[in-house]
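Notes for the one structure printed next.
Each chain gets a letter, A, B and so on, in the order the sequences are listed, and its residues count up from 1.
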Amino acid sequence: MHPSLHPLSEYKWEVPPSRRMTVPGTLFLTERLYRAGFDEKALEQIVNAASLPGRVEAVLAMPDIHCGYGLPIGGVLVTDSAEGVVSPGAVGYDINCGVRLLRTNLETQNLLEKREALLAALLSAVPTGVGAVQSEALSRREGNRVLREGAAALLRRGMAEREDLERTESSGSLPGAEDSLISDRAWERGSRQLGTLGAGNHFLEVQRVVEVYDPERARLWGLTQETLTIMVHTGSRGLGHQICTEALEKMERAARKYRFTLPDRELACAPADSPEGREYLAAMACGANFAWANRQAITHRLREVFSSLFGPRAALELVYDHGHNVVREEAHRIAAQKKLLLVHRKGATRAFPAGHSELPPRYSSTGQPVLIPGDMGRFSFVLAAAPTALQESFGSTCHGAGRLLSRNQAVKRAKGRSIEREMEEKGILLGCANRRTLEEESSEAYKDAGLVVEAVVGAGLSTLVCRLQPLLVVKG
DNA sequence: ATGTGC
């Protein structure tokens with residue numbers, strides 16, 4: 001293991017406070033994952049986050065950690081909501097990027113018979129790739145509703161069901177969103193991007209439940225052996241990117257104004273309880289709401305595609321939707337005291353266990369579903385939030401496989417190969433807007449999501465529910 | 001991640 005990591009358990013390691021760190025860094029990690037490939041720069045970024053000004057309560061790293069802008073992807077930064085800072089870099093550019101899982105009522109054979117037609121229909125129904133847009137823009141007036149209300153704004157447009165909102169984290173809407181803070185430039189980027197997938201790691205997958213570990217929870221969530229599911233991974237597209245870009249410029253000025261000594265300018269921040277801090281939170285909430293509406297709009301298109309291909313009885317029912325790039329105010333208990341904290345999760349999933357007051361009634365007895373996408377050639381997982389997640393990680397868990405190779409390294413290793421044929425040999429039909437993306441996103445560019453999941457289960461952050469195998473993949 | 005970058 002890394003010389004600066006001290007063991008707390010088989011699954012939990014600590015960087016003791018040194019230099020300017022005010023709290024230790026806690027890494028949820030296994031020897032096996034460490035040996036598979038560890039990002040030295042990510043560790044430095046954890047140390048930086050633990051050195052931020054104001055009251056820092058905790059800095060955590062999930063087992064899928066890798067280097068990001070300011071805070072690593074897989075990082076959790078917890079600050080005091082009154083005396084701490086808020087940092088856009090600790091949320092990331094793709095505000096409320098997240099995952100949604102739908103279950104279908106189709107038989108595997110019905111789907112396989114039409115898989116070529118399904119792939120073509122999906123590619124034409126959901127604009128995919130860098131710069132992907134809709135043919136028509138949403139008016140600013142209609143857009144403001146989306147920014148304020150999130151997925152709920154699609155109810156009146158006939159693109160969402162009440163049940164969808166009941167199965168979306170925070171009902172698909174973060175409070176406190178102020179559309180007046182969104183610049184014309186940001187809205188111009190977003191106005192044609194509602195219902196679009198984007199590029200890179202973002203995908204649409206048709207999957208099959210191939211293993212059930214927890215039959216009772218799986219049954220309650222509508223998942224049994226051979227159930228076909230659809231997983232959607234996307235975020236707030238150019239709109240969220242523009243909100244983050246503008247916030248970072250303002251935060252650099254704010255950090256000077258408040259005379260902060262920053263460990264890294266990418267972690268530019270302002271006191272959470274300052275005009276700059278509050279403004280970022282209100283703009284970030286707009287980005288988060290757009291991301292939820294985006295995944296909901298895609299769901300609507302998927303329902304149209306499935307009913308036209310498989311008939312009106314083909315149903316797509318939402319299992320759950322959660323983000324993994326967001327900061328939110330949460331009440332947590334620390335040493336028997338209740339505190340209001342700002343929990344920045346960047347490439348980390350909120351995981352509230354059974355009985356938590358913020359869970360919708362449907363999940364109050366099972367705990368919240370946690371959706372963990374794997375790479376395109378291997379398995380994805382459905383987990384449940386474990387009761388110990390609250391004290392171990394402020395109710396947080398991992399978000400996916402985690403990158404192992406840089407995009408350039410992955411492209412080099414893909415030279416002279418056909419990724420599509422390799423996937424076909426595994427029984428996976430692949431569609432993609434751009435060849436380079438396929439190479440960047442090859443299976444070997446990622447860690448095995450199974451190892452990441454093993455680590456969060458071992459650490460007591462989540463429990464296993466079922467495993468999903470990809471059958472059809474659409475990549476940006 | 002991103003109308004991909006000094």
Exercise. Would you say A/R115 has more than 12 foreign heavy atoms packed within less than 6.0 Å of its CZ?
Worked result: yes

Problem set entry | Protein-nucleotide distance (A/Y69, atom OH; B/dG5, atom P), rounded to Å | 13 Å

Exercise. Can you tell me how far P of B/dT2 sits from CD of A/E249, to the nearest Å?
Worked result: 19 Å

For this session: May I have the distance from A/N294 (atom CG) to B/dT2 (atom P), rounded to whole angstrom?
Result: 10 Å

For this session: Could you check how far CD of A/E441 sits from P of B/dT2, rounded to whole Å?
Result: 11 Å

For this session: Send over the distance from A/Y93 OH to B/dT2 P, rounded to a whole Å.
Result: 13 Å

Seminar exercise, completed: With sequence neighbours left out, the residues meeting salt bridge (charged side-chain N to carboxylate O under 4.0 Å, His left out) with A/R55 are A/E57, A/D80, A/E83

For this session: Would you mind listing every side chain to side chain donor-acceptor pair (under 3.5 Å) that reaches into residues 38-51 of chain A, with sequence neighbours excluded?
Result: A/H2-A/E40

Exercise. How is A/R185 classified with respect to the nucleic acid when contacts are heavy atoms under 4.0 Å: base, sugar-phosphate, or nothing?
Worked result: base

Problem set entry | Whole-Å gap separating P (B/dT2) and CD (A/E188) | 18 Å

Exercise. Under 4.0 angstrom, heavy atoms only, what part of the nucleic acid is A/G238 near: base, sugar-phosphate, or nothing?
Worked result: sugar-phosphate

For this session: Would you mind reading off the distance between A/I95 atom CD1 and B/dT2 atom C1', rounded to a whole angstrom?
Result: 12 Å

Exercise. Across the strands shown, which category fits A/Q193 at heavy-atom distances under 4.0 angstrom: base, sugar-phosphate, nothing?
Worked result: sugar-phosphate

Exercise. Taking it one step at a time, do A/H324 and A/H233 satisfy ring-ring contact (aromatic ring centres under 6.0 Å, His included)?
Worked result: CA-CA 10 Å; A/H324 48 227; A/H233 179 205; 5.2 Å; yes

